[in-house]
Engineer: 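Below is a structure I'd like to ask you about.
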Amino acid sequence: MLKDLLLNGYGNEQGYNCAEKILHGANEAYKLNLDKKFLKLAAGFGGGMGIESVCGALTAGIMVLSHLFVSHRAGESTRIKELTSEFLNKYEREMGSINCAPLKEKYRDEVKKCGDVIIKAAEILDEIVAREM
């Protein structure tokens, strides 16, 4: 699904940041049918929202979960909070942080860039989406 798409280089040619790779890739992998004008909403979340805060791959993952599991607003049920919590907690357990700065320090290099960080987010997102759909 999304992980395989990203492993095959999706988004590299376009120069997508971490958040864009997840949202644009999920749009294709999960057939979200998001209009191009909405896909650009992920742009500012790359690099931990530009200040190395929460990783853009994770914030985009939450956008995907919200699109898939919220009908109108978050307060309709506890489902989105549970899925978001699962997504972030599992990521933090496996990668050591959810924040861009420590993730970059540990995983980023000049060849792969933040590839491992993005792939792990896609892997966990794939697991949740496959189970919940």
Side-chain angles (χ1 to χ4, degrees):
M1 293 195 321
L2 177 57
K3 178 182 175 182
D4 295 329
L5 188 67
L6 294 171
L7 282 171
N8 287 315
Y10 181 85
N12 293 341
E13 188 174 306
Q14 296 87 343
Y16 289 156
N17 68 31
C18 51
E20 291 170 317
K21 283 184 177 186
I22 293 291
L23 189 60
H24 287 251
N27 194 45
E28 288 196 26
Y30 306 146
K31 311 282 188 257
L32 300 179
N33 298 314
L34 295 172
D35 188 278
K36 288 181 184 180
K37 67 182 176 183
F38 297 115
L39 292 172
K40 69 181 181 177
L41 293 172
F45 289 90
M49 295 171 271
I51 59 168
E52 296 188 331
S53 184
V54 176
C55 174
L58 299 175
T59 54
I62 293 168
M63 290 179 209
V64 172
L65 293 173
S66 296
H67 179 72
L68 289 171
F69 303 110
V70 174
S71 295
H72 301 290
R73 58 184 173 74
E76 295 168 342
S77 77
T78 59
R79 189 171 189 204
I80 191 61
K81 286 184 180 182
E82 292 163 356
L83 294 174
T84 298
S85 177
E86 176 187 352
F87 178 57
L88 295 175
N89 286 330
K90 183 168 186 178
Y91 191 91
E92 186 170 33
R93 276 192 311 274
E94 294 188 21
M95 298 296 280
S97 182
I98 61 169
N99 290 313
C100 179
L103 290 169
K104 281 174 54 177
E105 185 177 317
K106 187 172 182 180
Y107 297 103
R108 182 179 167 82
D109 68 35
E110 288 307 309
V111 176
K112 293 187 291 184
K113 310 281 187 214
C114 285
D116 293 342
V117 169
I118 298 165
I119 295 301
K120 180 54 75 174
E123 178 183 303
I124 296 169
L125 194 58
D126 279 346
E127 291 170 10
I128 292 171
V129 170
R131 182 191 73 224
E132 296 292 322
M133 296 299 285

Engineer: If every non-hydrogen atom of A19 is compared with every non-hydrogen atom of F45, which pair is closest and at what distance?
Structural biologist: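 Minimum heavy-atom contact is CB-CB, 3.8 Å.
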Engineer: For Y16, what residues pass the ring-ring contact (aromatic ring centres under 6.0 Å, His included) criterion, not counting sequence neighbours?
Structural biologist: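 Per chain and number, Y16 pairs via ring-ring contact (aromatic ring centres under 6.0 Å, His included) with H24.
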Engineer: Say you draw a straight line from OG1 of T78 to CD of E82; how long is it, rounded to the nearest 0.5 Å?
Structural biologist: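 It comes to 3.5 Å.
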Engineer: Would a 4.5 Å heavy-atom cut-off, applied to side chains only, mark L34 and L23 as touching?
Structural biologist: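 Sidechains of L23 and L34: in contact.
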Engineer: Atom CG in L39, atom CG in N27: separation rounded to 0.5 Å?
Structural biologist: 4.5 Å
Engineer: side-chain hydrogen bond (donor to acceptor under 3.5 Å, both in side chains) with K120: which residues, sequence neighbours excluded?
Structural biologist: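 K120: side-chain hydrogen bond (donor to acceptor under 3.5 Å, both in side chains) contacts with E94, E123.
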Engineer: Take atom CD of E105 as the centre, draw a 6.0 Å sphere, and report whether it contains more than 12 heavy atoms from other residues, nucleotides or ligands.
Structural biologist: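 Result for CD/E105: open.
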Engineer: Identify whether Y107 and L7 are in the same connected component of the hydrophobic contact network (ILVMFWY, side-chain heavy atoms under 4.5 Å).
Structural biologist: yes
Engineer: Would you sort out whether I62 and I80 count as a side chain to side chain contact (heavy atoms under 4.5 Å, CB included), showing the intermediate values?
Structural biologist: CA-CA 9 Å; I62 293 168; I80 191 61; 5.7 Å; no
Engineer: Could you tell me whether E110 and K113 make a salt bridge, using a distance below 4.0 angstrom between a side-chain N and a carboxylate O?
Structural biologist: yes
Engineer: For A42 versus M63, what's the shortest heavy-atom pair and its separation?
Structural biologist: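 In this case the closest contact between A42 and M63 is CA-CE, 4.1 Å.
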Engineer: Verify side chain to side chain contact (heavy atoms under 4.5 Å, CB included) between D116 and L103, making sure each step is shown before the conclusion.
Structural biologist: CA-CA 10 Å; D116 293 342; L103 290 169; over 6 Å; no
Engineer: Do Q14 and E20 have side chains that get closer than 4.5 Å, going by heavy atoms?
Structural biologist: no
Engineer: Tell me the closest heavy-atom pair linking C18 and G46, and the distance in Å.
Structural biologist: SG-CA, 3.8 Å
Engineer: For the pair T59 (side chain) and G56 (backbone), establish whether a donor and an acceptor sit closer than 3.5 Å, ignoring hydrogens and angles.
Structural biologist: yes
Engineer: Between K104 and C114, which heavy-atom pair has the shortest distance, and what is it?
Structural biologist: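 Where K104 meets C114 most closely, the heavy atoms are CG-SG, 3.9 Å.
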Engineer: Just one of L2, L58, L6, N17 clears the side-chain contact (heavy atoms from CB on, under 4.5 Å) bar with I118, so which one?
Structural biologist: L6
Engineer: Atom CD of E132 and atom CG of L83: how far apart are they, to the nearest 0.5 Å?
Structural biologist: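 If we round to the nearest 0.5 Å, E132:CD and L83:CG are 5.0 Å apart.
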Engineer: I need the L68 CG to Y30 OH distance, nearest 0.5 Å.
Structural biologist: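 So the gap between those two atoms works out to 8.0 Å.
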Engineer: V117 vs C55, test: side chain to side chain contact (heavy atoms under 4.5 Å, CB included). Steps then yes/no.
Structural biologist: CA-CA 9 Å; V117 169; C55 174; 3.6 Å; yes
Engineer: State plainly whether one hydrophobic cluster holds both M133 and L125, where clusters connect Ile, Leu, Val, Met, Phe, Trp and Tyr through side-chain heavy atoms under 4.5 angstrom apart.
Structural biologist: yes
Engineer: Please round to the nearest 0.5 Å and tell me the distance separating atom CZ of F38 and atom CG of N33.
Structural biologist: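 If we round to the nearest 0.5 Å, F38:CZ and N33:CG are 12.5 Å apart.
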Engineer: Determine, stepwise, if the pair F69 / V64 fulfils side chain to side chain contact (heavy atoms under 4.5 Å, CB included).
Structural biologist: CA-CA 9 Å; F69 303 110; V64 172; over 6 Å; no
Engineer: If only atom types and distance count, is the side chain of D109 paired as donor or acceptor with the main-chain N or O of K112 below 3.5 Å?
Structural biologist: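 Flag set: sc D109 to bb K112 pair under 3.5 Å.
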Engineer: Counting distance only, does the side-chain N/O of E28 pair as donor-acceptor with the main-chain N or O of G25 below 3.5 Å?
Structural biologist: no
Engineer: Minimum heavy-atom separation for A121 and I22, please, with both atom names.
Structural biologist: CB-CD1, 4.3 Å
Engineer: Testing K81, R131, R79 for salt bridge (Lys or Arg N to Asp or Glu O under 4.0 Å) with E86, which one passes?
Structural biologist: R131
Engineer: Roughly how far, to the nearest 0.5 Å, is CD of E52 from CG of N99?
Structural biologist: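 That separation rounds to 10.0 Å.
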